[in-house]
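Following: one structure in structure tokens, then a few remarks.
Note that the coordinates shown come from a computational prediction; the quantities given were computed from them, not determined experimentally. Residue numbers count from 1 along this sequence.
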Amino acid sequence: LWKKVKGKLSAGRVQSAVLRMTDDNRSFFDVHHEAYIPLENVVIVADANDASKIQKPILDRFEVIEIPAYTEAEKAFIFRNYTFPKALKAKNVKRSEVSVTKEAVARIAGCSQEPGIREQKKIADRIVGNYLLHYAWRKSTVHYTPEMVEPFLPKQDVRRTTFASQPGSIRSVILVGGMARSVDVQC
């Protein structure tokens, strides 16, 4: 169904095809394969990261199930029991050689800016890489603390709010890493 048009995916064409398939038709003509595809015993399942980009007629034909993002506790559990051990195994490092403290795992789980765990995979890989680069030759166990994992965490979004208190001056409040900082500028 996906077709590239001038280097871009044509979402409109895909949605048109899905719309035709979800009509109460018994078959669908695929123009790319030039064949009819029977849809009599077919259940169409789709997923999307952003349902707002899907046309309303298509959404009306589907049962929409929204799955909430992981909680911080769930992310911590996943990191401790799956993501970090998988990163260790991929680099052939024993779990007895490297550990991440509970506080560091909580910091990792709390810093993510996305609902999934992609960032956690990157962080786990960075921790293992750091161990191999700096500590593996010592042949001793390394316990990563929150301070040690901080450089591997994604940079926090910077949000700004600006207030003009008088002509020629600007006061801004900048939120960096959860801390507000006030900045005054005279023009």
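Every residue two or more places apart in sequence or in another chain was checked for a salt bridge (Lys or Arg N to Asp or Glu O under 4.0 Å) with R118, and none qualifies. Scanning for side-chain hydrogen bond (donor to acceptor under 3.5 Å, both in side chains) contacts around S140 gives an empty result, with sequence neighbours left out. Scored by the side chain to side chain contact (heavy atoms under 4.5 Å, CB included) test, V64 finds L59, E66 as partners (sequence neighbours excluded). H143 pairs by the side-chain hydrogen bond (donor to acceptor under 3.5 Å, both in side chains) definition with S99, not counting sequence neighbours. Applying the salt bridge (Lys or Arg N to Asp or Glu O under 4.0 Å) rule to K56 yields the partners D60; only residues at least two apart in sequence or on another chain are considered. Every side chain to side chain contact (heavy atoms under 4.5 Å, CB included) that F62 has, sequence neighbours left out, goes to V18, T22, I44, A46, I58.
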Pairs of donor and acceptor atoms involving the side chains of residues 68-80, under 3.5 Å and at least two apart or interchain, shall be tabulated with distances.
residue : atom : partner : partner atom : Å
T71     : OG1  : E74     : N            : 3.1
T71     : OG1  : E74     : OE1          : 3.4
E74     : OE1  : T71     : N            : 2.8
K75     : NZ   : S112    : OG           : 3.3
K75     : NZ   : E114    : O            : 2.7

Residues 125-133 side chain polar contacts: donor-acceptor under 3.5 Å, at least two apart:
residue : atom : partner : partner atom : Å
R126    : NH1  : F152    : O            : 2.8
N130    : OD1  : Y144    : OH           : 2.7
Y131    : OH   : E97     : OE1          : 3.2

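Here the straight-line distance linking atom CD1 of I108 with atom CD of E103 works out to 11.5 Å at 0.5 Å rounding. Summarising the geometry, atom NZ belonging to K89 is positioned 14.5 Å from atom NZ belonging to K94; distances are rounded to the nearest 0.5 Å.
In this structure a side-chain-to-backbone donor-acceptor pair under 3.5 Å is present from T141 to S96.
Scanning all heavy atoms of the two residues, the minimum distance from H134 to R138 falls at O-NE, 4.0 Å. When all heavy atoms are compared, the tightest approach of M148 to V142 is CE-CG1, 3.9 Å.
Looking only at side-chain heavy atoms (C-beta outward), I123 and C111 come within less than 4.5 Å of each other. Here the side chains of L88 and V98 are in contact, with some heavy-atom distance below 4.5 Å. The closest side-chain heavy-atom distance from V105 to F84 is not below 4.5 Å.
For the salt bridge (charged side-chain N to carboxylate O under 4.0 Å, His left out) condition, the pairs that include at least one residue of residues 143-154, sequence neighbours left out, are R107-E150.
Under the 4.5 Å side-chain heavy-atom criterion for ILVMFWY residues, no single connected hydrophobic cluster contains both I117 and V100.
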